[in-house]
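Heads up: numbering here begins at 1 and tracks the sequence. If you're wondering where the values come from, they're calculated on a predicted model, not measured in any experiment.
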Amino acid sequence: MRLKGIFLLLSLGAFTAYYVYQPIPDEIEERWKLMLTDCFFRSLSHLADFSELLGLKDYMGVMMFITFAERVVPVSDQRVHVTEELFDGVEVVVYQPKLQGGDTELRRAVIYLHGGGWCLGSARMGPYDLLARQMVMDLNSVVVSVEYRLAPEHHFPVPYEDVYRVVKHFLQRVVLAQYSVDPLRIAVSGDSAGGNLAAAVSQQLQQDPEQQQQLKVQALLYPVLQALDLNTPSYQQNQNMPILPRTLMVRFWSEYFTSDKTFFRAMMTNTHNSPESAALLKFVNWSAFLPESYRGEYNYSAPVVALSAGGAGSDGPSRSIADPRASPLLVPDAVLRSLPKAYILTCEYDVLRDDGVMYATRLRRAGVEVTHEHYAGGFHGALMFTVWPTDFLIGRTMTENFIRWLQHNL
C-alpha cells in the first residue's frame, strides 16, 4: 500500500509538471510565473470547452470567470474622484483629479477602452481601475473608462457603436467644459480589442462631416487590427504562446461576428474570406508591410477565397470582416493621412504583433507621426499583469513607458 501511495504521488507530480510546463522563449522574463499564470487560463479554457460540449454553458460564459474574479467597485480615494455615469446610454467610469483650492487649469483627457476580445473584460476590473488612477495622478487628466456591451450577446457592430457614442458625447464642448478638459488635449487608447476599437473610432471620427472636435493622439496597445489573414508570421510563430494562443484569438474574432460555429472552423483554416473581403487583402499583405526582421522564415501566401466560407454569404460575418470598423487596417491611405499621431505597442511573443507592426508601417508611409514601441521579451496582455499574484515586471515597465509617452505628446 505504501508503494502504491508513493507511485500515485509521483504520478500526480509528473502529470502536474507535464501540464504546467510549457516551452517559453528565454527572452521572456519570469518564465515560471508566466507558466503558472497560463496554466490557470488553459485550465479554465478546457473547462469552458467541456461545459459547452455538455451543453451546460457556452465557452465565453465560463471564461467570464476571469472578469468576475478581478472585478472591483470603483470608489473615490484621497487623490482621485470616481463616478459611474451614462454617456448617451452607455456605462462609463469617470476618474478625475480631486480639485485643489483655486484649481482652474484645464486638463488632459484619456478615453480608455478595455481589452478582452470583445467578449470578456470590464472597465471595472482591478488592473484597469489601477491603470486609470495612475493616468489621473501622473497626467493630471480625466479618464473615461468605457463599459461597452460584449459579444456574443451583442455581436459587431454593437461594441464599436457603444464606444463611438461615448466618444461623440464626451467631445461635445459643453461636456468637456463640465469636466474641465482642454479640447486640444484628448486621447483615445485601448489594449488588444480595446486597441481595435480605439483605432476604428479615430478613423471614423475623421470621416464624420458633422464632427468638429477631434482627438490629439491615439495610443494602441498590442492592438488587433484585421480579420482577413489569420496566418501572418506572428500568428504562426506564436500559435501556442501563453495567454492568447491562435485558437483563442480566432474564437474571439468568430464570436465577435457570429455564433455560427462553421464560421469559426473556416477562420481556423484561414478560408473565411469572401470575394468582397478578398479585394481588400492588399491592405494586409504582410510581405509588403512587415520589415524583414519580422517576416522570419515565413513566405507569404494569400488566404484562400471561399464563396461559402462557413456560412459566409453576401451578408453576415463575411461582410463584417471587410468592415473597417472591425478591421481598421483595411482603410485606404487617403483615410490614414488625416489621423492623429499614434503610439503603437507590440510584443514579440503575441499573435497580434504583425497587426500592430503593419499599421505602424502604413501610418508612417501615409505621413502620420508614429511611435512604435516593440518589446522583444513581451507577451500579449502583459500590461494588465500588474496586480498580485500575477504582477510582472514587464507590465509595470510597459505602463510607465505608455504614460511617459502621453506626458510628452498629449
If we only count heavy atoms from C-beta on, is the [X] to [Y] side-chain gap below 4.5 Å?
| X | Y | result |
| --- | --- | --- |
| Ile24 | Pro242 | yes |
| Ser189 | Leu221 | yes |
| Val166 | Asp88 | no |
| Val92 | Phe170 | no |
| Phe263 | Met267 | yes |
| Phe41 | Ile243 | yes |
| Pro74 | Glu84 | yes |
| Gln172 | Gln213 | no |

Checklist entry - When Asn270 is tested against each of Asp229, Thr232, Asn231 for side-chain hydrogen bond (donor to acceptor under 3.5 Å, both in side chains), which residue passes? => result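 Single side-chain hydrogen bond (donor to acceptor under 3.5 Å, both in side chains) partner of Asn270 among Asp229, Thr232, Asn231: Asp229.
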
Checklist entry - Which word best sums up how the rings of Phe385 and Phe379 line up, parallel for under 30°, tilted for 30 to 60°, or perpendicular for over 60°? => result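 Tilted: the ring planes of Phe385 and Phe379 meet at 30° to 60°.
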
Next on the checklist: Can you classify the ring geometry of Trp118 versus Tyr256 as parallel (below 30°), tilted (30 to 60°) or perpendicular (above 60°)?
Outcome noted: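 Parallel.
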
Next on the checklist: Would Met358 and Leu290 count as a side chain to side chain contact (heavy atoms under 4.5 Å, CB included) here? Give the steps.
Outcome noted: CA-CA 6 Å; Met358 285 193 287; Leu290 275 187; 3.9 Å; yes

List the residues meeting side-chain hydrogen bond (donor to acceptor under 3.5 Å, both in side chains) with [X], not counting sequence neighbours, and say none if there are none.
| X | value |
| --- | --- |
| Asp49 | Arg251 |
| Arg337 | none |
| Ser277 | Asn273 |

Under 3.5 Å, which donor-acceptor pairs do the side chains of residues 191-206 form with other protein atoms, sequence neighbours left out?
unit_1	atom_1	unit_2	atom_2	d
Asp191	OD1	Tyr112	OH	2.7
Asp191	OD1	Gly115	N	3.3
Asp191	OD1	Tyr128	OH	3.2
Asp191	OD2	Tyr128	OH	2.8
Ser192	OG	His380	NE2	3.0
Asn196	ND2	Val224	O	3.0
Asn196	ND2	Ala326	O	2.7
Ser202	OG	Ala198	O	2.9
Gln203	NE2	Pro328	O	2.9
Gln203	NE2	Tyr359	OH	2.9
Gln206	NE2	Ser338	O	3.1

Next on the checklist: With side chain to side chain contact (heavy atoms under 4.5 Å, CB included) as the criterion, how do Val90 and Arg149 come out once you've worked through the C-alpha distance, each side chain's angles and the decisive distance to 0.1 Å?
Outcome noted: CA-CA 8 Å; Val90 180; Arg149 286 173 290 176; 6.0 Å; no

Item to check | side chain to side chain contact (heavy atoms under 4.5 Å, CB included) assessment of Arg325 paired with Glu161 | outcome: CA-CA 9 Å; Arg325 297 175 301 168; Glu161 289 175 340; 4.2 Å; yes

Using a strict cut-off of less than 4.0 Å between a Lys/Arg side-chain nitrogen and an Asp/Glu carboxylate oxygen, indicate whether [X] and [Y] qualify as a salt bridge.
| X | Y | value |
| --- | --- | --- |
| Arg319 | Asp323 | no |
| Glu91 | Arg124 | yes |
| Glu147 | Arg71 | yes |
| Asp26 | Arg31 | yes |
| Asp391 | Lys33 | yes |

Checklist entry - Residues in side chain to side chain contact (heavy atoms under 4.5 Å, CB included) with Gln134, at least two apart? => result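 Asp138, Thr399, Ile403.
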
Item to check | His272-Phe257 aromatic ring centre distance below 6.0 Å | outcome: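 Ring centroids of His272 and Phe257 are no less than 6.0 Å from each other.
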
Next on the checklist: So that I know where these two stand, are Tyr164 and Tyr160 an aromatic pair - ring centroids less than 6.0 Å apart?
Outcome noted: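 Yes: the rings meet the under 6.0 Å criterion.
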
Item to check | Intermediate values then yes/no, side chain to side chain contact (heavy atoms under 4.5 Å, CB included), Tyr222 and Leu383 | outcome: CA-CA 9 Å; Tyr222 35 78; Leu383 192 84; 3.1 Å; yes

Checklist entry - Any donor-acceptor pair under 3.5 Å linking the side chain of Thr67 with the backbone of Ser122? => result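 Such a contact is absent between Thr67 side chain and Ser122 backbone.
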
Next on the checklist: Checking side-chain polar atoms at under 3.5 Å, does His372 have a donor or acceptor matched by the opposite partner on Thr346?
Outcome noted: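 Yes, Thr346 and His372 have a side-chain donor paired with an acceptor closer than 3.5 Å.
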
Next on the checklist: Can you confirm whether the side chains of Gln237 and Tyr298 place a donor and an acceptor under 3.5 Å from each other?
Outcome noted: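 Looking only at side-chain atoms, Tyr298 and Gln237 do not form any donor-acceptor pair under 3.5 Å.
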
Next on the checklist: Quick one, Arg353 with Asp350, criterion salt bridge (Lys or Arg N to Asp or Glu O under 4.0 Å). Give me CA distance, side-chain angles, the key distance, then yes/no.
Outcome noted: CA-CA 5 Å; Arg353 179 199 69 194; Asp350 179 6; over 6 Å; no

Next on the checklist: Could you go through Glu52 and Lys261, starting from their C-alpha distance and side-chain angles, then the distance that decides it, and tell me whether this counts as salt bridge (Lys or Arg N to Asp or Glu O under 4.0 Å)?
Outcome noted: CA-CA 12 Å; Glu52 188 169 77; Lys261 301 302 180 187; 3.6 Å; yes

Item to check | Leu47 CG to Arg42 CZ distance, which is reported to the nearest 0.5 Å | outcome: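 Rounded to the nearest 0.5 Å, the CG-CZ separation comes out at 14.0 Å.
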
Item to check | Pairs touching residues 52-89 that satisfy ring-ring contact (aromatic ring centres under 6.0 Å, His included), sequence neighbours left out | outcome: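 For residues 52-89, and leaving out neighbouring residues, the ring-ring contact (aromatic ring centres under 6.0 Å, His included) pairs sorted by first residue read Phe87-His169.
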
